[in-house]
2 protein chains.
Amino acid sequence: MPRTLPIVNTTAPMCCSPIGEHSEDPAADALQIATRLKALADPSRVRIVQELACCEGHEMTTTEAGALLGVSEATANHHLKRLQQAGILAPRRDAQKVYYHLDLGALRQLGAVLQVRCSANCHCS
Amino acid sequence: MPRTLPIVNTTAPMCCSPIGEHSEDPAADALQIATRLKALADPSRVRIVQELACCEGHEMTTTEAGALLGVSEATANHHLKRLQQAGILAPRRDAQKVYYHLDLGALRQLGAVLQVRCSANCHCS
DNA sequence: ACCTCCCTTCGATATTCATCTAATAGCGAG
DNA sequence: CTCGCTATTAGATGAATATCGAAGGGAGGT
C-alpha cells in the first residue's frame, strides 16, 4: 500500500479543494482515500486514536488497547494492525512489548483531504 | 442522528487536538465520529464527493451518479442516501428530479476532527 | 528449565453492507 | 389518462469484517 495520498497538493493552482482536484485517475484516488478512511471508520479505532492524540508521544500496547475498549486482546491487536496498515499508527518494540503511537502527519493529511475550499472562480468544464 | 460533532471545539482551551479533547463520554464521541467517517469510507461515495467538491454549487442526480460510478441507479441512490444521512449531502427537489449537493460545513467539520495539533505542554493525566 | 506475560495468528461466527434485479411511486408531457 | 422518465423501495446474495476463544511464539524472571 502506497504511503502517499496523491490527492493532497496544497501548492498546486486549483479550482477548488484537494478532494475536488482534477486528477489523472479520480477513481483510483477515491479508492486510495476510501481505504484510509475505512481504517478509521470504526468506533474502536477512533477511540484508540482519540487516546493517542490526547498528548504528544502517547503510546499504547495491545493489552492496554484491549482494556480501554473492553475487548479481547486478539480484537485489540486486530484494530491496532489495521491502523498500522493504513499508516496512521506506527509500532515501537521494546523487549517483549510493542508500543503503538500516532503518525500525526498521516492523520493530518487524511483530514486535509476533507478541507474543502470551493470558490466561485472555478474553471472546471 | 444528531447534526453536530460535539468533539470539534476550536475555541476551548485544549491540551491537544479536537479528537484528543477530554470529553464526558469519549466512547460516544468515537461512535459519533466513526459513524460519519463510515459514510465516507467507500470508493463510490468518495468519488461522488470528489465530483461535487470540484466546483461550488455542483449538483448531481441519482441517474448521473449511477453513470459516473458505473453502477445501477438503485446502488447510486443508496450511496447518495447514505451521504445524506450523514449530513454530507443535501437534496434539492425540482419537479421529478432530485439534485444532491455538498454540505461544505459538514465535510470541513469532519476533516477538522483529524487535524491533530499536539503540543508538548500537555496537561493530560 | 519452567513459568509468566505479552503479542500474534487461526478458525469460526455473526453482522454489516455494496450490489443487483424487480417492483413501486411521483411527476410531467402529450 | 396513459406513457415515459426519474427516484425510491424491497428482497436476495456475496463479500468484508468485527469479534471471540484457543493456540502458538518470544522474551524475562526465578
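Note that this is a predicted model, so its numbers are computed, not measured. In what follows, every chain begins at residue 1, and chains take the letters A, B, ... in the order their sequences are listed.
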Taking for each residue the nucleotide of DNA chain D with the nearest heavy atom, is it A/His79 or B/Asn77 whose nucleotide lies nearer the 5' end?
-> B/Asn77
Within the structure, does a side-chain N or O atom of B/Thr63 lie under 4.0 Å from either OP1 or OP2 of D/dC5?
-> no
Spacing of B/Thr35 atom OG1 and A/Asp42 atom CG [to the nearest 0.5 Å] | 10.0 Å
What is the distance from atom CG of B/Leu37 to atom CD of B/Gln32, rounded to the nearest 0.5 Å?
->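 Separation between the atoms: 10.5 Å.
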Provide the start and end nucleotides, 5' to 3', of the part of DNA chain C that has atoms under 4.0 Å from heavy atoms of chain A.
->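 In short, chain A contacts DNA chain C from C/dC6 to C/dT9.
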Of all heavy-atom pairs linking A/Ala112 and B/Gln115, the shortest is N-NE2, 3.1 Å
Nearest heavy-atom approach of A/Arg36 to A/Ala86 is NH1-O, 3.8 Å
Minimum side-chain heavy-atom gap B/Tyr100-B/Glu59 below 4.5 Å | no
List for me each residue that meets side-chain hydrogen bond (donor to acceptor under 3.5 Å, both in side chains) alongside B/Arg93, sequence neighbours excluded, and say none if there are none.
->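 With sequence neighbours excluded, B/Arg93 shows a side-chain hydrogen bond (donor to acceptor under 3.5 Å, both in side chains) to no residue whatsoever.
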Donor-acceptor under 3.5 Å (B/Asp103 side chain, B/Ala106 main chain) |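 Checking the backbone N and O of B/Ala106 against the side chain of B/Asp103, a donor-acceptor pair under 3.5 Å is found.
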Co-membership, hydrophobic cluster, residues B/Leu31 and B/Val113, 4.5 Å side-chain |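 Each belongs to a different hydrophobic cluster.
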Contacts satisfying salt bridge (charged side-chain N to carboxylate O under 4.0 Å, His left out) that involve residues 62-76 of chain A (not counting sequence neighbours) are none
Within the structure shown, what part of the strands sits under 4.0 Å from A/Tyr100 by heavy-atom distance: base, sugar-phosphate, or nothing?
-> sugar-phosphate
Between protein and nucleotides 13-15 of chain D, what N or O pairs are separated by less than 3.5 Å?
none

Protein-nucleotides 21-27 of chain D N/O pairs under 3.5 Å:
none

Using distance only, find each side-chain donor-acceptor pair of residues 74-83 of chain B under 3.5 Å and give its atom names and separation, not counting sequence neighbours.
from	atom 1	to	atom 2	distance (Å)
B/Thr75	OG1	B/Ser72	OG	3.1
B/His79	ND1	B/Arg45	NH1	3.0

